[in-house]
Amino acid sequence: MARIHLSNLAHSYSANPTSEADYALKRLDLVWDDGSAYALLGPSGCGKTTLLNIISGLITPSEGKILFGEEDVTHLPTAARNIAQVFQFPVVYDTMTVRENLAFPLVNRGADRDYVRRRVEQIADMIGMSDVLDRPAKRLTADAKQKISLGRGMVREDVNAILFDEPLTVIDPHMKWELRTQLKALHREFGHTMIYVTHDQTEALTFADKVVVMYDGQVVQTGTPAELFERPAHTFVGYFIGSPGMNVLPARVEGTSAMVEGVEIPLGAAYPALSGKVEIGIRPEFVTLSKDGPGLPVRVERIEDVGRHRIVRLAFFGREINVVVPEGVSVSKDMNRVVLEPERIGVYVEDRLVEGQMMQGRAA
Amino acid sequence: MDKTVNQKAWFLVLPVLVLVAFSAVIPLMTVVNYSFQDTFGNNVFFWAGFEWYEEVLASERIRDALGRQILFSAIILAIEVPLGILIALCMPRKGVWVSVCLVLMALPLLIPWNVVGTIWQVFARVDIGLLGRTLSELGIDYNYTQDALDAWITIIVMDVWHWTSLVALLAYAGLVSIPSAYYQAAKIDQASRWKVFRYIELPKMQGVLLIAILLRFMDSFMIYTEPFVLTGGGPGNATTFLSIDLVKTAIGQFDLGPAAAFSLIYFLVILLISWVFYTVMVNLEKKEGV
């Protein structure tokens with residue numbers, strides 16, 4: 001087991017990439033700590049699978065290096081890297097039984113027979129397939145097959161990392177939750193580095209210690225679920241994580257205030273003069289709605305009750321602002337002002353978060 | 001919903017029925033008719049019962065031809081199926097060479113059968129043929145018109161040349177339909193090249209291989225044109241396969257009765273062996289689970 005370091009890595013599927021757009025994976029430098037559970041989150045086509053296949057060696061990157069610990073493995077074949085990978089769609093060896101399927105990676109590495117038998121039974125127990133061990137794998141349902149694939153991914157104890165490429169796509173919703181919990185338990189038990197690719201934020205946030213968010217071939221933020229929620233480093237993170245996503249409004253920022261549609265909004269920090277595309281972002285959770293109070297003038301468009309809280313869709317000079325109203329707070333159609341919590345407002349230039357100067361007296 | 005009763009539908013089926021009747025049923029019944037009758041010419045027939053069948057089944061000549069036929073089909077399958085799979089495995093999966101390969105592979109299949117026979121007849125001639133002459137010059141005693149073994153080898157090489165492409169193309173179709181995730185998983189699981197073939201490629205090709213084996217069996221069991229053009233069944237009777245023998249009986253000697261009985265038995269043998277093949281292969285598949 002080792003730390004995985006992707007050093008100055010970039011990948012293009014075309015032989016002679018000329019522009020930035022030719023790269024499926026834009027230049028990045030990323031370190032995966034040994035023994036952590038990561039989620040690689042992003043929309044379809046953002047380069048997640050490419051990144052995963054580069055780590056496992058199914059793709060050789062066009063630029064940069066991959067280091068396992070201190071060892072450069074960039075040009076090592078998959079087998080030599082000792083990586084396990086589970087794919088989006090089930091891969092089972094049709095002519096084998098469930099037991100043979102699970103034992104396959106161990107047998108190929110010449111493991112001791114007693115050990116193989118014990119380990120296979122342990123894994124079968126974990127994925128709940130002990131009673132079908134000697135059945136042919138071909139006849140099983142899609143989710144049973146995927147469980148075999150998961151089991152095969154976890155059967156080796158000495159792997160450098162286990163990679164999951166949206167492994168629960170074909171699994172029933174209730175099974176999804178159960179398997180994710182099991183994966184998590186396994187991670188705690190064996191301490192393998194796990195990288196879990198998904199486009200589902202719930203999956204990412206519940207599984208991972210750290211979430212790596214990708215967008216358009218780039219890693220836009222790496223952080224704990226809380227960090228991603230509280231300080232999105234990129235407007236895409238704000239928009240992609242959270243339900244509904246962050247409110248983003250184009251603004252002119254000067255010192256400690258932002259001007260949006262001619263209305264002044266106080267900020268929690270001071271900013272120098274900013275040029276380019278400047279926006280402010282705030283989570284719907286940190287917006288307070290009132291009737292005839294201070295703040296921005298808005299009109300209530302729609303109130304959606306989603307059980308635990310309500311989501312209020314507001315119109316603000318033709319733009320939409322979403323507000324999450326917690327339980328026990330009343331909302332009515334005639335409310336017409338919102339206040340944004342200054343400390344929770346992030347300022348974004350060209351979609352990236354800009355750190356402001358903490359104001360005197362506020363910084364401890 | 002009630003079904004609408006419309007007898008006009010029969011008119012739509014009628015053309016097919018007529019076509020099948022004229023192209024298959026009536027000719028077949030004619031053959032059945034001949035097989036039970038005898039004639040001394042002048043279109044006078046009289047009932048012969050099972051006489052011709054008994055004669056055909058007792059005929060040493062036909063039994064020998066059947067033996068040769070079975071041996072020939074067995075050799076053809078044993079060479080063409082593994083060779084076809086091997087070629088399919090070596091063919092590129094993407095890039096410009098795919099179409100080049102496919103066209104090259106399809107070429108032998110497009111040549112009319114009697115032309116194939118003629119090509120090889122000339123090619124293998126000891127006096128002027130490129131192959132025959134070269135072998136002779138190399139000091140190899142080769143003459144397919146006189147030596148039975150040489151004649152067999154020539155016919156088998158010719159058939160392999162003509163038909164291996166079919167197996168290869170079918171196997172290739174099976175191979176390219178395997179999702180790349182299987183190969184990736186095999187790499188991750190550190191499976192050897194042999195294991196990839198044994199546990200991924202071969203099981204996934206099973207369906208197309210069943211078709212390939214059936215087609216090659218039926219065609220090789222009924223082979224007529226190429227050996228007829230190449231060796232004419234000789235030297236002696238060495239390459240007289242069932243259909244060549246049948247044509248000799250029917251057209252050469254005009255023994256319509258025995259020839260009819262012969263063809264019906266021939267037909268039933270092919271039907272029987274094909275059915276056995278199919279059943280065995282399908283059962284094999286079932287045993288492994290569907």
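Note: hydrogens, waters and symmetry copies are ignored here, and every other heavy atom, side chains too, is used. Numbers restart at 1 for each chain; the letters A, B, ... are given by sequence-line order, proteins then strands.
The environment of B/F228 atom CZ is sparse: at most 12 non-hydrogen atoms of other residues, nucleotides or ligands sit within 6.0 angstrom. For A/Y13, the OH atom counts as densely surrounded, since its 6.0 Å shell holds more than 12 non-hydrogen atoms of other residues, nucleotides or ligands. Heavy-atom neighbours of B/R193 CZ from other residues, nucleotides or ligands within 6.0 Å: above the threshold of 12.
The most heavy-atom pairs under 4.5 Å with chain B, out of A/V92, A/L163, A/N53, come from A/V92. Highest contact tally toward chain B, considering only A/T78, A/V86, A/L106, A/D165, is held by A/T78 [criterion: heavy-atom pairs under 4.5 Å].
The side-chain heavy atoms of B/K195 and A/V107, taken from C-beta on, include a pair separated by under 4.5 Å. In this structure the side chain of B/Q206 never reaches within 4.5 angstrom of the side chain of A/D94, judged on heavy atoms. B/I188 places none of its side-chain heavy atoms less than 4.5 Å from the side chain of A/R152.
Side-chain contact check for A/Y93 and B/D189: at least one donor-acceptor pair (N or O, by modelled atom type) lies under 3.5 Å.
The distance from atom CD1 of A/I83 to atom CD of B/Q190, rounded to the nearest 0.5 Å, is 12.5 Å. One finds the OG atom of A/S56 at 9.0 Å from the NZ atom of B/K187 (value rounded to the nearest 0.5 Å).
For A/R81, no part lies near chain B; criterion is any non-hydrogen pair under 4.5 Å.
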